[in-house]
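Heads up, the thing below is written out as structure tokens.
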Amino acid sequence: VAAMALLTKALEQRPRDPLAAEPLTRVARSVREPGPLTALALAELRAAEELGDSGAVADAYEALAAIDLELRADPSSALISLEGAASADPRRLPVLRALERAHAAAGRIAELAQIRGRQLDAIDGAGGVGDHDGAALAIDRAALLEQLERPDDELRAAYQAAAVRAPHT
């Protein structure tokens with residue numbers, strides 16, 4: 001704890017100094033103290049937002065989510081941070097998968113259908129139209145929309161989108 005206090009003071013004197021931040025991170029994780037880690041992640045978030053660096057913003061939100069899950073055991077806060085990461089960088093498939101697992105575990109079908117759409121958008125952005133994963137996600141999204149009793153036109157469009165994605169061999 002004394003080491004953490006000294007490292008925190010060093011970081012206050014030299015913000016964003018990796019020679020202070022890295023040991024502080026290790027010590028805080030070893031004693032399972034979320035405060036310093038949260039402060040570091042929030043400082044990174046502020047800096048990334050000032051620079052307009054969406055990738056760094058997403059990284060900071062992912063760090064906050066990890067702190068919430070691993071050290072605070074607060075999945076609700078982690079979910080908020082994951083949403084922030086996905087909003088900052090919509091092509092982060094691992095973040096979308098984490099959101100998918102959280103919504104599926106909670107039985108939130110509408111949110112899961114929305115995540116499926118975001119996953120499809122991310123795949124499209126990576127040039128993945130016509131692949132097996134995209135087709136499976138599109139079919140799953142259509143089935144989720146069916147569970148939500150969406151209008152026939154919307155269901156038809158969802159299933160047609162799935163058919164377009166299916167690889168033709």
Side-chain angles (χ1 to χ4, degrees), residues 25 28-29 32-35 37-169:
T25 299
R29 283 197 184 282
R32 302 194 53 77
E33 177 57 45
L37 297 172
T38 302
L40 284 170
L42 288 172
E44 290 296 321
L45 178 60
R46 281 190 294 277
E49 287 175 335
E50 287 175 10
L51 293 172
D53 183 348
S54 61
V57 169
D59 288 341
Y61 274 121
E62 282 189 76
L64 288 168
I67 293 164
D68 288 336
L69 277 176
E70 297 166 13
L71 300 178
R72 289 196 170 114
D74 186 354
S76 297
S77 291
L79 190 63
I80 292 168
S81 295
L82 288 172
E83 284 289 350
S87 294
D89 187 355
R91 292 192 177 132
R92 287 199 181 209
L93 288 173
V95 171
L96 293 174
R97 285 188 197 108
L99 288 169
E100 166 194 353
R101 286 189 299 276
H103 291 311
R108 293 187 291 262
I109 296 171
E111 289 84 353
L112 187 54
Q114 181 187 33
I115 292 297
R116 287 286 186 255
R118 291 165 77 180
Q119 288 172 316
L120 290 167
D121 291 343
I123 288 172
D124 290 347
V129 175
D131 66 330
H132 293 286
D133 291 338
L137 286 171
I139 290 168
D140 189 50
R141 180 175 180 271
L144 290 167
L145 292 174
E146 201 166 337
Q147 286 181 27
L148 293 169
E149 298 179 356
R150 301 304 279 237
D152 287 343
D153 291 344
E154 187 177 352
L155 292 175
R156 187 173 14 269
Y159 280 112
Q160 286 172 342
V164 167
R165 289 178 176 279
H168 301 287
T169 56

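Here the CD1 atom belonging to Ile123 is positioned 6.0 Å from the CG atom belonging to Asp133, to the nearest 0.5 angstrom.
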### Task
Could you check Arg92 against Asp59 for side-chain contact (heavy atoms from CB on, under 4.5 Å), going step by step and ending with a plain yes or no?
CA-CA 10 Å; Arg92 287 199 181 209; Asp59 288 341; 2.8 Å; yes
### Task
Let me see the working for Leu42 and Leu64 under side-chain contact (heavy atoms from CB on, under 4.5 Å), right down to the final yes or no.
CA-CA 8 Å; Leu42 288 172; Leu64 288 168; 3.9 Å; yes
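The minimum heavy-atom distance between Ala41 and Ala60, with the atom names listed, is O-CB, 3.8 Å. Of all non-hydrogen atoms in Ile115 and His103, the two that sit nearest each other are CG1-CD2, 3.7 Å. Closest of all the heavy-atom pairs between Leu71 and Arg32 is CD2-NH1, 3.5 Å. Here the closest non-hydrogen pair linking Leu37 and Ala28 is CG-CB, 3.8 Å. Smallest separation of non-hydrogen atoms from Ala88 and Ala58: CB-N, 3.9 Å.
Checked against Glu100 for a salt bridge (charged side-chain N to carboxylate O under 4.0 Å, His left out), the options Arg118, Arg116, Arg108, Arg141 give a single hit: Arg116.
A salt bridge links Arg156 to Asp153: at least one charged side-chain nitrogen sits closer than 4.0 Å to a carboxylate oxygen.
A heavy-atom distance below 4.5 Å is not found between the side chains of Arg165 and Ile139. Within the 4.5 Å cutoff, the side chain of Leu69 has no heavy atoms near those of the Asp74 side chain. Residues Ser81 and Asp68 meet the side-chain proximity criterion, which asks for heavy atoms closer than 4.5 Å.
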